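In what follows, a structure is listed as structure tokens, so that the remarks can point back to it.
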Protein chains: 2
Amino acid sequence: MVRLSKKVEYGLIAIRHIAAHPSDVVTAKEIADKYQIPYELLAKVLQRLSREGLITSQQGVRGGYSLTKNPNEITVSMIINAIEGNSLAIAQCMTEGPESCDVFNVCTIKSPLSKVQANIENAFDTMTLAQIV
Amino acid sequence: MVRLSKKVEYGLIAIRHIAAHPSDVVTAKEIADKYQIPYELLAKVLQRLSREGLITSQQGVRGGYSLTKNPNEITVSMIINAIEGNSLAIAQCMTEGPESCDVFNVCTIKSPLSKVQANIENAFDTMTLAQIV
DNA sequence: CCTAAATAGGACTTAACAAGTCGGAGTTCG
DNA sequence: CGAACTCCGACTTGTTAAGTCCTATTTAGG
Ligand code: SF4
Ligand code: SF4
């Protein structure tokens, strides 16, 4: 409950590693080996990050990944959203709308919870990649 | 991902309701009906809250639940912890120790994440029941 | 002193999601 | 061409959340 998924953790570790080696093009295998992360899983995460434009991919033999922006332009929220698709919500009505919860009309806690939510969002939003390298 | 469990949401709704009716002893059935919450589930949540001392229970015919403390002495963290048992952690190494994660030694993100964690804890810690009634 | 209305709590089943795996396709350098 | 890469969806498995069921135990009130 209230836990980051492994995909996100792996993604953070990976993109931090990429950021820490700005002059190299690093491969998925390299990262998987170094951090003992299941290769297939990591590969998918990197693909997601690439598709969302946070990193670029270079296919083929001397391929791999590198950053597209400055580390201080990439926030942790951006990374999470890229990997999990905007699911960073403490309650389901916040991402999936009022209809998703059949208690919505009588729910007395959604407004206080949305304050907490804003707080949490802010925490992930103000932390950039540059700060964790 | 990063979502409160239904048990916690139900617990919050329930305890808020109890707090909003200070002179009454309210029953589980009453709350379940009013908020369309599955009775059995809610009952267990209330039992947990009672066992942890946040509310008192009165058994028997005219029984039910009522608060033990002032609403401003009960924080949302206390409620969550009572229901879920101290599982309010963004990463598993934070509650289950270093051994629980086989990436721990090489993990490069645990220290930044613990800052986020502190932030989140603070958010739940500073919000009291009095504020959500 | 019996009964109805309540809490107490374990065991169980089901549903949802996260984690990991597999197979095959596309790309590029040498 | 072939090795070293990325790409991507479908699949299986494992874990946790959500909900149900059953059977105590307690107690006010007739
Ligand atoms: S409506 Fe209330 S209960 Fe339903 S999801 Fe939003 S917060 Fe949780
Ligand atoms: S060690 Fe790193 S990866 Fe493992 S749980 Fe803690 S934060 Fe997540």
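By convention in this document, chain letters (A, B, ...) are assigned in the order of the sequence lines, proteins followed by strands, and residues within each chain are numbered from 1. In this text, all values refer to a predicted model and were calculated from it rather than measured experimentally.
- A continuous path of hydrophobic side-chain contacts links B/Val106 to A/Ile15 [ILVMFWY only; heavy atoms under 4.5 Å].
- When each of A/Arg62 and A/Glu40 is assigned the nucleotide of DNA chain C with its nearest heavy atom, A/Glu40 is the one assigned upstream, toward the 5' end.
- A/Phe104 carries A/Lys110 over the face of its six-membered ring, with the cationic atom under 6.0 Å from the centre and within 45° of the normal.
- Of the listed nucleotides (D/dT6, C/dT28, D/dC7), D/dC7 has the atom at the smallest distance from the side chain of A/Ser50.
- Atom CZ of A/Arg51 and atom C1' of D/dC8 are 7 Å apart (whole Å).
- Nucleotide C/dA18 holds its P atom 13 Å from the CD atom of A/Glu9, rounded to whole Å.
- Atoms CG (A/Leu4) and C1' (C/dC17) sit 15 Å apart, rounded to a whole Å.
- Of the candidate nucleotides D/dG19, C/dG20, D/dA3, C/dG20 has the atom lying nearest to any side-chain atom of A/Leu41.
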For B/Glu96 and A/Arg3, what are the C-alpha separation, side-chain angles and deciding distance, and is it a salt bridge (charged side-chain N to carboxylate O under 4.0 Å, His left out)?
CA-CA 12 Å; B/Glu96 298 168 37; A/Arg3 215 169 270 185; 3.2 Å; yes

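- Side chain of B/Gln131 to backbone of B/Pro71: no donor-acceptor contact under 3.5 angstrom is found.
- Per the geometry, NZ belonging to B/Lys6 stands 17 Å off C1' belonging to C/dT14, to the nearest Å.
- One finds the SG atom of B/Cys107 at 9.5 Å from the CZ atom of A/Arg16 (value rounded to the nearest 0.5 Å).
- At the phosphate of C/dA8, OP1 or OP2 sits under 4.0 Å from a side-chain N or O atom of B/Ser57.
- Note on B/Lys29: nothing from the nucleic acid sits closer than 4.0 angstrom, heavy atoms only.
- Picking from D/dA18, D/dT20, C/dA6 the nucleotide with the shortest atom distance to the side chain of B/Pro38 gives D/dT20.
- Taking CE of A/Met1 as the start and OG of B/Ser5 as the end, the distance is 5.0 Å to the nearest 0.5 Å.
- Closest to the side chain of B/Tyr39, from the set C/dA5, C/dA8, C/dT7, is C/dT7.
- The base of C/dA8 lies close enough to the side chain of B/Gln47 for a donor and an acceptor atom to sit less than 3.5 Å apart.
- With the nearest nucleotide of DNA chain D identified for both A/Gln59 and A/Met1, A/Gln59 has the one nearer the 5' end.
- Map A/Gln58 and B/Tyr65 each onto its nearest nucleotide of DNA chain C; the residue landing nearer the 5' end is B/Tyr65.
- One atom, CZ of B/Arg3, and another, C1' of D/dA18, lie 14 Å apart when rounded to the nearest Å.
- Looking at heavy-atom distances under 4.0 Å, B/Ala28 makes contact with sugar-phosphate atoms alone, never a base.
- In this structure, the CZ atom of A/Arg48 is 11 Å from the P atom of C/dA18, given to the nearest Å.
- Comparing D/dC5, D/dA3, C/dA11 against the side chain of B/Lys44 picks out C/dA11 as the nearest.
- Within 4.0 Å (heavy atoms only), A/Tyr10 reaches sugar-phosphate atoms of the nucleic acid but no base atom.
- A straight line from NZ of A/Lys7 to P of C/dT21 spans 14 Å, rounded to a whole angstrom.
- As a whole-Å value, the separation of A/Leu88 CG from C/dA18 P is 13 Å.
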